[in-house]
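All values below come from the heavy atoms of this structure, side chains included, with hydrogens, waters and symmetry mates left out.
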Amino acid sequence: MNKLVKSLLVATAFSLTVGASSAYAQEQEVSEAKSLEQLLELVKENRAASQRINAEREAEFTSERADKQALLNRAKKQLADERARGERLQTQFSENEIALANKETELQNQLGTLGEIVGVARGAASDTIGRIATSIVSSQYPGREDVLESIAEAREVPTIKELEELWLAWLTEMKESGKVVTFPTEVTLLDGSTEQRDVTRIGVFNLLSDGEYFVYNDQAEEIQPLGKQPEGYILSAAESFLSNESGYEGVYIDPARGQILNLATQKATLEEQYHQGGTVGYVITVVLILGILIAIWKIVTLGSEGAKIRAQLKNTGNPSEKNSLGRILKVYHDNKNDDVENLELKLDEAIMRETPRIDSGVNIIKIFAAIAPLLGLLGTVIGMIGTFQSITLYGTGDPKIMAGDISMALVTTAMGLIAALPLILIHAVVAGRAKKIVHTLDEQAAGIVAAHAEKE
């Protein structure tokens with residue numbers, strides 16, 4: 001009996017398509033069945049329940065299938081409508097293109113020679129904007145180019161008022177180019193701060209304020225001082241020009257409207273050129289200073305010695321040991337009783353003792369005068385060596401890389417010559433004074449020997 005029950009259960013499980021929960025319930029009920037009749041009744045009941053469930057599921061599926069078909073039909077209809085709309089828009093676009101081309105042709109025919117006026121006006125406005133925007137007159141009258149931009153960008157025929165603005169812009173520029181005007185404005189300083197100043201505009205060339213040159217930055221629409229002011233004599237002329245209240249006064253102007261001044265700011269000053277000489281240049285400077293100091297010392301001492309000798313010549317009978325001639329005369333007075341030969345030898349000996357003191361330092365000046373150009377030549381060689389090293393490392397594509405070493409070579413050569421020239425002149429002056437003193441001593445000694453010989 002138990003085997004028959006199990007067989008019926010297996011057959012029932014494979015024959016019925018019910019859910020997992022229903023099969024589980026049947027299994028629970030079958031397990032509770034007590035006899036074959038009860039099991040048969042349970043199977044019949046479960047079969048009826050399964051048929052009812054399957055019928056419900058089939059009805060639900062049929063209902064959903066009808067809904068999906070309706071959605072598909074609606075989507076197909078929308079697709080057909082959109083395709084028809086696309087074809088209609090494409091046709092309309094083609095018709096609009098043809099109409100637009102016809103209107104363009106009609107516009108060109110209606111314009112006639114006015115089209116040339118549009119081109120001329122736009123070209124003139126574009127050129128005028130570039131000239132006015134960069135002009136220093138715009139620092140006094142800002143925003144003059146705003147009206148012209150609408151003409152330069154317009155595609156239609158300009159109005160009479162716009163053409164008048166173009167004409168007035170040129171006329172104003174021509175009128176202001178011949179004026180010297182002082183006007184208050186805001187100036188942007190080099191540190192970024194602003195300051196209210198009175199600025200003098202010289203035509204369309206330069207801006208001056210407080211004896212300095214200013215430039216107009218058209219990008220930022222600001223008046224700015226030069227990064228480096230020009231030479232002192234130019235600034236002095238500018239200051240005199242600004243302080244003059246009547247009459248005429250000369251002033252330096254930049255005909256390139258500030259471009260030359262901007263280039264001048266990049267020019268090295270004398271101090272910067274001096275430092276380009278480097279260590280060799282400093283050594284040449286030391287040589288020059290030492291030579292000048294020695295020359296000044298010798299000029300002072302030789303001048304003092306010359307004055308003492310001239311005073312001694314007026315009183316040869318009373319020799320003084322504070323000057324070289326007095327010491328030589330004292331040798332004569334001490335040995336006036338000797339014969340001529342001995343006296344001459346003693347006087348020569350006295351002159352030889354005085355000569356080194358008189359000539360001391362003179363040859364040093366001469367040596368410095370010879371060393372200075374040699375040091376300049378040394379700097380030239382060092383600079384050229386550095387130049388060739390730069391060429392070896394970086395090539396010749398950028399001349400700025402070699403500029404520093406070339407500057408050193410040229411500057412040291414110039415410094416050596418500049419130092420040598422005054423040292424040679426000073427040496428000539430000092431040597432001349434020393435020779436004059438020695439010549440005076442020789443002359444007096446020869447006179448003394450001659451007078452002594454006559455006495456004998």
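In this structure, Leu302 and Ile358 have side chains that are in contact, with non-hydrogen atoms separated by less than 4.5 Å. For the pair Phe205/Asp254, no side-chain contact is recorded, criterion being any heavy-atom separation below 4.5 Å from C-beta on. With a 4.5 Å cut-off on side-chain heavy atoms, Met408 and Ile382 count as touching. Counting heavy atoms from C-beta outward, Arg197 and Thr185 have side chains that stay 4.5 Å or more apart. Between Tyr216 and Leu207, the closest side-chain pair of non-hydrogen atoms falls below 4.5 Å. Within the 4.5 Å cutoff, no side-chain heavy atoms of Gln224 are placed close to those of Phe214. The shortest distance between side-chain heavy atoms of Ser139 and Val199 does not fall below 4.5 Å. Contact annotation: the side chain of Val251 approaches that of Ile253 to within less than 4.5 Å [non-hydrogen atoms, C-beta and beyond].
The shortest non-hydrogen separation linking Ile437 to Gly306 is CD1-N, 4.2 Å. Scanning all heavy atoms of the two residues, the minimum distance from Val362 to Ala434 falls at CG2-CB, 4.4 Å. Considering all non-hydrogen atoms of both residues, Leu226 and Pro230 come closest at CD1-CD, 4.2 Å. Shown here for Leu417 and Pro373, the closest heavy-atom pair between the two residues is CD2-CB, 4.5 Å. When all heavy atoms of Leu235 and Gly211 are compared, the closest pair comes out as CD2-O, 3.5 Å.
Judged by distance alone, with hydrogens and angles left aside, the side-chain atoms of Ser236 form no donor-acceptor pair with the main-chain N or O of Gly232 at under 3.5 Å. Between the side chain of Thr301 and the main chain of Trp297, a donor-acceptor pair closer than 3.5 Å is present. Although no hydrogens or angles enter the test, the distance criterion places no donor-acceptor pair under 3.5 Å between the side chain of Ser177 and the main chain of Val204. Side chain of Lys298 to backbone of Ser360: a donor-acceptor contact under 3.5 angstrom is found. Under a 3.5 Å cut-off, the side chain of Thr172 and the backbone N or O of Leu168 do form a donor-acceptor pair. For the pair Asp210 (side chain) and Glu212 (backbone), a donor-acceptor distance under 3.5 Å is absent. Not a single donor-acceptor pair under 3.5 Å links the side chain of Asn244 to the backbone N or O of Ser240.
More than 12 heavy atoms of other residues, nucleotides or ligands shown are found within 6.0 angstrom of CD on Glu222. Within 6.0 Å of atom CD in Glu195, more than 12 heavy atoms from other residues, nucleotides or ligands are found, so the atom counts as buried in its surroundings. The local environment of NZ in Lys435 is sparse, with at most 12 non-hydrogen atoms from other residues, nucleotides or ligands closer than 6.0 Å.
Summarising the geometry, atom CG belonging to Leu375 is positioned 12.0 Å from atom OG1 belonging to Thr279; distances are rounded to the nearest 0.5 Å. Atom-to-atom distance recorded for Ile371:CD1 and Ile364:CD1 is 10.0 Å, nearest 0.5 angstrom. Annotation: the span from Gln51 atom CD to Asn54 atom CG amounts to 8.0 Å, rounded to 0.5 Å. For the atom pair Thr134 OG1 and Gln219 CD, the distance stands at 10.0 Å (nearest 0.5 Å). Taken from CD in Glu354 to CG in Asp359, the straight-line distance is 11.5 Å, to the nearest 0.5 Å. Rounding to the nearest 0.5 Å places CD1 of Ile202 at 15.5 Å from NZ of Lys179.
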Leu378 vs Leu374, side chain to side chain contact (heavy atoms under 4.5 Å, CB included): CA-CA, chis, key distance, verdict: CA-CA 6 Å; Leu378 175 62; Leu374 294 177; over 6 Å; no
Test log, rule side chain to side chain contact (heavy atoms under 4.5 Å, CB included), inputs Val181 and Thr200: CA-CA 6 Å; Val181 183; Thr200 300; over 6 Å; no
Test log, rule side chain to side chain contact (heavy atoms under 4.5 Å, CB included), inputs Lys77 and Asn73: CA-CA 6 Å; Lys77 184 177 182 304; Asn73 294 334; over 6 Å; no
Criterion salt bridge (charged side-chain N to carboxylate O under 4.0 Å, His left out) on Arg433 and Glu305, from CA distance to verdict: CA-CA 10 Å; Arg433 292 195 176 189; Glu305 186 68 18; over 6 Å; no
Full working for side chain to side chain contact (heavy atoms under 4.5 Å, CB included) between Leu425 and Leu421: CA-CA 6 Å; Leu425 294 177; Leu421 292 176; 5.6 Å; no
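Ion pairing of Arg85 with Asp81 is absent here, as no side-chain N (NZ or NE/NH1/NH2) approaches a carboxylate O to less than 4.0 Å. Between Glu176 and Arg201 there is a salt bridge, since a side-chain N of the basic residue sits under 4.0 Å from a carboxylate O of the acidic one.
Note on ring orientation: taking the six-membered ring where Trp is involved, the planes of Tyr274 and Tyr282 are tilted (angle from 30° to 60°).
Tyr233 has its ring centre less than 6.0 Å from the ring centre of Tyr252.
Thr194 and Thr188 share no donor-acceptor pair across their side chains, judged by distance under 3.5 Å alone.
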